[in-house]
Amino acid sequence: MWIRQVSRQIQFAAKPSSLANSLVAINHSSAIKTALINCCLPITLSTPSRPTLYNQMAPVQRDIFSMLAMRGKKKKKEEEEPKKVVENETVSLDDEEEVPSAAKSSEAKQLNSNSNKSEEGSQLKRKRAIIEDDEEDDISQPVKVRKTKSSPSSSPKKRSASVTPPTSPKKANSKSTSPIKKPITAASSSGTEESENPSAVKSDSDEEYEAMEPDDVEEDKAELINLAKLDTLKPSVKLSTKLVSGKPIPYSAVVEVFAQIESTTKRLEIIKYTSDFFLTVLNNNPNDLIYVTYLFINRLGPDYEGLELGLGETILIKTIAESTGKSTVHVKAKYRETGDLGEIALKARSTQPTMFKPKALTVMDVFKNLKEIATTTGNNSQAKKIGIIKRMLTASQGLEAKFIIRSLESKLRIGLAEKTVLISLARALVHFQSTSKKGPSVEKALEAEEKIKEAFCQVPNYQVIIETALEHGVLTLDKHCTLKPGVPLKPMLAKPTKSITEVLDKFTGEEFTCEYKYDGERAQVHLLNDGTVKVYSRNSEDMSQRYPDIIDAVQGFLQPDQETKSLIIDCEAVAWSREENKILPFQVLTTRKRKDVELKDIKVHVCLFAFDILCLNGEPVINLPLKKRRQLLQKTLKEIPGKFQFATSKNSTDVEELQAFLDISIKDSCEGLMVKTLNNDPYRPSQRSNSWLKLKKDYLAGVGDSLDLIVIGAYYGKGKRTGTYGGFLLGCYNQDTEEIESCCKIGTGFSDDVLKSLYEKLQPTELSQAKSYIIYDSSAEPDIWFEPTVLFEVLTADLSLSPIYKAGIATLGKGVSLRFPRFMRLRDDKGIEDATSSDQVVEFYERQAHQQN
DNA sequence: GTGACACTGTACC
DNA sequence: ATCTGACACATTCGG
DNA sequence: CCGAATGTGTCAGATGGTACAGTGTCAC
């Protein structure tokens, strides 16, 4: 039987990896698997990844390309809003650019040559590059000052006044740029006009590309690159919103920075804009920095405080519809087109007449409003929330509406997130606190970055970090912000790995260990000095309410002779059957209540599998190597079978042995293995460090089934998937009834190109409604139905009983769906009758359930 | 008012 | 959770 | 020895299923 399947798979396997998969999926003999791993997977690994056109471009080509693109933009703008760009002004601007660029490049070269020698050096180099940009900032800031001075009509910017880096003659020249900026400034301060032309603000960049041309022609390639790069960096110079020292930061300033950030994809540039702005805030009104930071990371407070907006797409659409006087249908249609609710709100707003000019929103206003939305609960709370949003929208000017909505969606989508904010904060703070006129040295800046990252991992609370940094200085953060029981720290994460050989590859010459990867929930258990116990999730949410049983039992886990007062351990909480003494599937664990769990009516029992210790009696131990930590862990705690156990582990470097261990782990209801180095690395909170790897069974083992499913519908893409389908609804074929039963959605595994071609391929087969032989649940109804013609090969980790999908529902009473489905490839060699049948799906499901006994 | 149910949001993976 | 794409950086290759 | 080509690591943002919790709605 399986031989036939194998030959079928061989026939269609596109690449060795999927061949290996298919084969392994059918036969569990570890010898075969090992052989496959050894001969097939390495081949795949060395295959170069699909190059895209852009990737194929040489850097120079890319730079030229982007420069041209930028010029195109500028040209447009000039056409749109003709302004008095006087020639000599543009020239002088040009000068300004050139000088720093030359200086910078030579510096950079020096750095390069220094740092190539060692790994540390090269890291240094990278970071230096970032920091040097900063110095450029300093240069640019005076520019702003002068601009304002020379052009009274533009809002006076105190912003840079307090920064006051040394002003050199070169900078003096650059002031002449001010007139260029004026029109924009005027527009944004007048608000309403500008909102009709949102691109104006965003573009707020520079217009004088022609001035550069003569230079370009003469310069050699290297210079060209520098110019192009500088060119893209320039917009950060301009902030049209005025900031007044001591006064609250206007929200419009934040929005303006968001717009700048959104206009680029370059990380260094983003960091520059952000840190620039943070520094400005520090100089004007340090107390607002925390609010600004929260707006940038789009959060309301530390994760462990558990504040939620309680708003989603649906309610936002309703709100936008209400506040703009359009129907929800209309808004939804627009959403399809643009994939961005913020944009819709903005456009709708700009066409709305404004009776009187509302008071400008401040950063504080917005943050407080968001917080109010989050804390509003109870009857009629939704209406109240909508009311608050409407108020904000009414008060919004310019681009503000767009970002208010995006904030409410919890997706800023501007290419900036936590990590970048942290780096930017570090740079802003270190500049702010630097005593030297020139700003901090490169080394200091790097140090600050490290310190703040480290501190944040141990105390993930921006308010604490910022306050501490302001009080004691960024550079001593490590002394004041260390982990302590009661405050969750960012857990260490593992990197996915595709094969045992890959693991061996990465860990050659290292001593390492393997542990079971339990299929449960990460649980960071804290025991405080006063005996309190807290449990935190992977994302630092407080789960104490969910696990009163754990809290109750922790004291009993301690070795009696150790007198342990406090500790933090890292565990996986797994559902446990006390009757059969075995691990239960993840799906069982999720049925546990999350709040108000009473000890007496717990139905789903839990066994904690501990694998690490992070703090003991108030002393952080994260800097010890794993070997030591494990010893500590086992010395401090004792196993109580079925309640508290140490993760099963094994040290080996033998492929066969590891393979066997992996197989056993899966038989023992685990997801696979975690592989960790024993000696080298300390516990590195939050990093997907190279010293922890996860070896996932679904790439190697039998349950990682690949199915061929029928595409029966699709969903409109949002954000960067606007204009194509963002996901698809898939079904399997029931041979008895000749119906198609919905099975899962799928939205990952596509490259952009594939997504595009799928759109072209499927769009002609769109139907106005579902074919009658399609069985589905209304809650998984797609935006678009298709004539079923196309099959996807889909990989999955697990199968689950589903409340909404229908595959095999006749046999099992519930449908079966897929856990972690991902697209592998298009099966255009097969017809829909060759799709995986409902029976097969059921078979897969039962085999999986059976396997774990 | 109360309870059942639907819908939405958010957490986990 | 999975996955891709863009960047920044690291390393190797060819003249 | 330099620049080009190729490889690697990090980050951000698309998207998956499922369960509970909270709110809204409606019938009684």
Side-chain angles (χ1 to χ4, degrees), chain A residues 46 48-52 54-56 58-62 112-113 115-116 119 122-123 125-127 129-130 221-222 264-270 303 306 308-315 339 377-383 385 410-420 423 495-496 519-522 537-539 541 543 546 573 586-596 671 687-688 690 696 698 715 717-722 726-728 730 744-755 779-780 794-805 817-823:
Chain A
S46 58
S49 55
R50 248 165 293 171
T52 68
Y54 187 73
N55 280 340
Q56 285 171 337
V60 184
Q61 286 177 301
R62 292 181 192 177
N112 281 351
S113 55
S115 48
N116 282 345
E119 216 196 336
S122 55
Q123 252 204 342
K125 167 183 144 200
R126 193 201 107 223
K127 295 189 173 165
I130 298 178
K221 274 181 189 171
T264 181
T265 54
K266 302 214 170 20
R267 259 177 63 74
L268 296 180
E269 225 176 300
I270 292 173
D303 294 310
E308 300 164 8
L309 280 173
L311 279 173
E313 191 181 291
T314 319
I315 296 174
T377 57
N379 213 4
N380 218 13
S381 57
Q382 246 173 43
K385 289 179 183 184
S410 321
K411 283 183 291 183
L412 238 26
R413 282 193 22 237
I414 55 177
L416 159 138
E418 192 149 70
K419 307 266 179 179
T420 311
I423 296 173
K495 281 212 169 142
D519 190 7
E521 216 174 74
R522 191 87 174 250
S537 76
R538 191 187 115 130
N539 293 319
E541 299 275 338
M543 305 288 272
R546 183 172 162 92
F586 178 74
Q587 212 174 356
V588 174
L589 180 69
T590 60
T591 63
R592 213 184 226 242
K593 294 264 177 290
R594 285 200 289 242
K595 293 194 164 173
D596 306 319
E671 291 183 287
Q687 284 183 29
R688 262 192 155 104
N690 262 328
K696 294 173 292 182
D698 51 305
Y715 302 83
K718 293 164 192 169
K720 62 185 175 189
R721 297 235 176 127
T722 305
F728 302 87
L730 305 181
C744 68
K745 290 195 281 182
I746 191 150
T748 193
F750 312 100
S751 69
D752 290 358
D753 290 349
V754 166
L755 217 46
S779 58
V794 167
L795 195 67
T796 180
D798 263 334
L799 296 142
S800 54
L801 284 183
S802 168
I804 60 169
Y805 293 107
S817 189
L818 316 186
R819 189 182 188 196
F820 312 143
R822 53 253 203 215
F823 172 86

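Residue numbers start from 1 in every chain, and the chains themselves are labelled A, B, ... in the order their sequence lines are given, proteins ahead of strands.
- Using a 4.0 Å heavy-atom criterion, one finds that A:F750 contacts the sugar-phosphate atoms exclusively.
- A:K411 comes within 4.0 angstrom of nothing in the nucleic acid, heavy atoms only.
- Counting any heavy atom pair closer than 4.0 Å across all strands shown, A:G726 reaches sugar-phosphate atoms only and no base atom.
- Side chain of A:D519, nearest nucleotide from C:dT2, D:dG13, B:dC13: B:dC13.
- Side chain of A:R522, nearest nucleotide from D:dT18, B:dC13, D:dA12: B:dC13.
- OP1 or OP2 of D:dG17 has at least one side-chain nitrogen or oxygen of A:Y805 nearer than 4.0 Å.
- Counting any heavy atom pair closer than 4.0 Å across all strands shown, A:R594 reaches a base atom.
- Nucleotide D:dC20 holds its P atom 9 Å from the CZ atom of A:R546, rounded to whole Å.
- Set against D:dG17, D:dT23, C:dT2, the side chain of A:S817 has D:dG17 as its closest nucleotide.
- Closest approach to the A:A417 side chain among D:dG13, C:dA8, D:dA19 is made by D:dG13 (side chain taken as heavy atoms from C-beta onward).
- The separation between A:I270 atom CD1 and D:dG13 atom C1' is 12 Å, rounded to whole Å.
- For D:dG17, neither phosphate oxygen OP1 nor OP2 lies less than 4.0 angstrom from any side-chain nitrogen or oxygen of A:S800.
- Residue whose closest nucleotide on DNA chain D sits further toward the 5' end, between A:K720 and A:R819: A:K720.
- In summary, A:E521 and A:R538 do not engage in a salt bridge, as defined by a charged side-chain N under 4.0 Å from a carboxylate O.
- Position along DNA chain C of the nearest nucleotide to A:D752 versus A:R538 favours A:R538 as the more 5'-ward residue.
- Using a 4.0 Å heavy-atom criterion, one finds that A:L801 contacts the sugar-phosphate atoms exclusively.
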Verdict with reasoning, A:D519 to A:R819, per salt bridge (charged side-chain N to carboxylate O under 4.0 Å, His left out) = CA-CA 12 Å; A:D519 190 7; A:R819 189 182 188 196; 2.9 Å; yes
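- A donor-acceptor contact under 3.5 Å is formed by the side chain of A:T748 with the base of C:dT2.
- Atom-to-atom, CD1 of A:I746 to P of D:dA14 comes out at 18 Å; the value is rounded to the nearest Å.
- Summarising the geometry, the separation between CD on A:E671 and P on C:dA1 is reported as 7 Å, rounded to the nearest angstrom.
- Of all non-hydrogen atoms in A:T420 and A:R267, the two that sit nearest each other are OG1-NH1, 2.8 Å.
- Under 4.0 angstrom from either OP1 or OP2 of D:dA19 there lies at least one side-chain N or O belonging to A:Q587.
- Between the CG atom of A:D596 and the C1' atom of D:dA21 there is a distance of 10 Å, given to the nearest Å.
- With A:Y715 as the aromatic partner, A:K745 meets the cation-pi criteria of under 6.0 angstrom to the ring centre and within 45 degrees of the ring axis.
- A:E541 places its CD atom 14 Å from the C1' atom of B:dC13, with the value rounded to the nearest Å.
- Note that A:R721 lies outside the cation-pi zone of A:F750, set by a 6.0 Å cut-off to the ring centre and a 45° limit from the axis.
- Using atom C1' as the reference point in both C:dT4 and B:dC7, the two lie 32 Å apart (nearest Å).
- Taking only side-chain nitrogens and oxygens, A:T590 never comes nearer than 4.0 Å to OP1 or OP2 of B:dC12.
- A:S779 comes within 4.0 angstrom of no nucleic acid atom, judged by non-hydrogen atoms across all strands.
- Between D:dA12 and A:T420, a contact under 4.0 Å exists linking OP1 or OP2 to a side-chain N or O.
- One atom, CD1 of A:I804, and another, P of B:dA6, lie 15 Å apart when rounded to the nearest Å.
- When heavy atoms are screened at a 4.0 angstrom cut-off, A:K495 is found touching the sugar-phosphate backbone but no base atom.
- Nearer the 5' end of DNA chain D, as judged by each residue's closest nucleotide, is the contact made by A:K745, out of A:K593 and A:K745.
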Take A:I315 and A:Q382, measure what side chain to side chain contact (heavy atoms under 4.5 Å, CB included) needs, and give me the verdict at the end.
-> CA-CA 8 Å; A:I315 296 174; A:Q382 246 173 43; 3.4 Å; yes
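- Of the side-chain N and O atoms in A:K718, none sit less than 4.0 angstrom from OP1 or OP2 of D:dG13.
- When distances are taken from the side chain of A:R267 to each of B:dA11, D:dC11, D:dG17, the shortest belongs to D:dC11.
- A:K696 has its NZ atom 15 Å from the P atom of B:dC13, to the nearest Å.
- Among the heavy atoms of the strands, none lies under 4.0 Å from A:F823.
- Every side-chain contact (heavy atoms from CB on, under 4.5 Å) that A:E313 has, sequence neighbours left out, goes to A:I317, A:Y335, A:L341, A:K718.
- Residue A:P496 is classed as having no contact, given no heavy-atom separation below 4.0 Å to the nucleic acid.
- Among the atoms of the strands shown, only primed sugar atoms or phosphate atoms (P, OP1, OP2) are found under 4.0 Å from some heavy atom of A:I414.
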For the pair A:D698 and A:T796, evaluate side chain to side chain contact (heavy atoms under 4.5 Å, CB included) and give the outcome as yes or no after the intermediate values.
-> CA-CA 7 Å; A:D698 51 305; A:T796 180; over 6 Å; no
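- Checking the phosphate oxygens (OP1, OP2) of D:dT18, a side-chain nitrogen or oxygen of A:S802 falls inside 4.0 Å.
- Listed pair A:N539 / B:dC12 meets the phosphate criterion, a side-chain N or O lying under 4.0 Å from OP1 or OP2.
- Within 4.0 Å of A:L818, counting heavy atoms only, lie sugar-phosphate atoms of the nucleic acid but no base atom.
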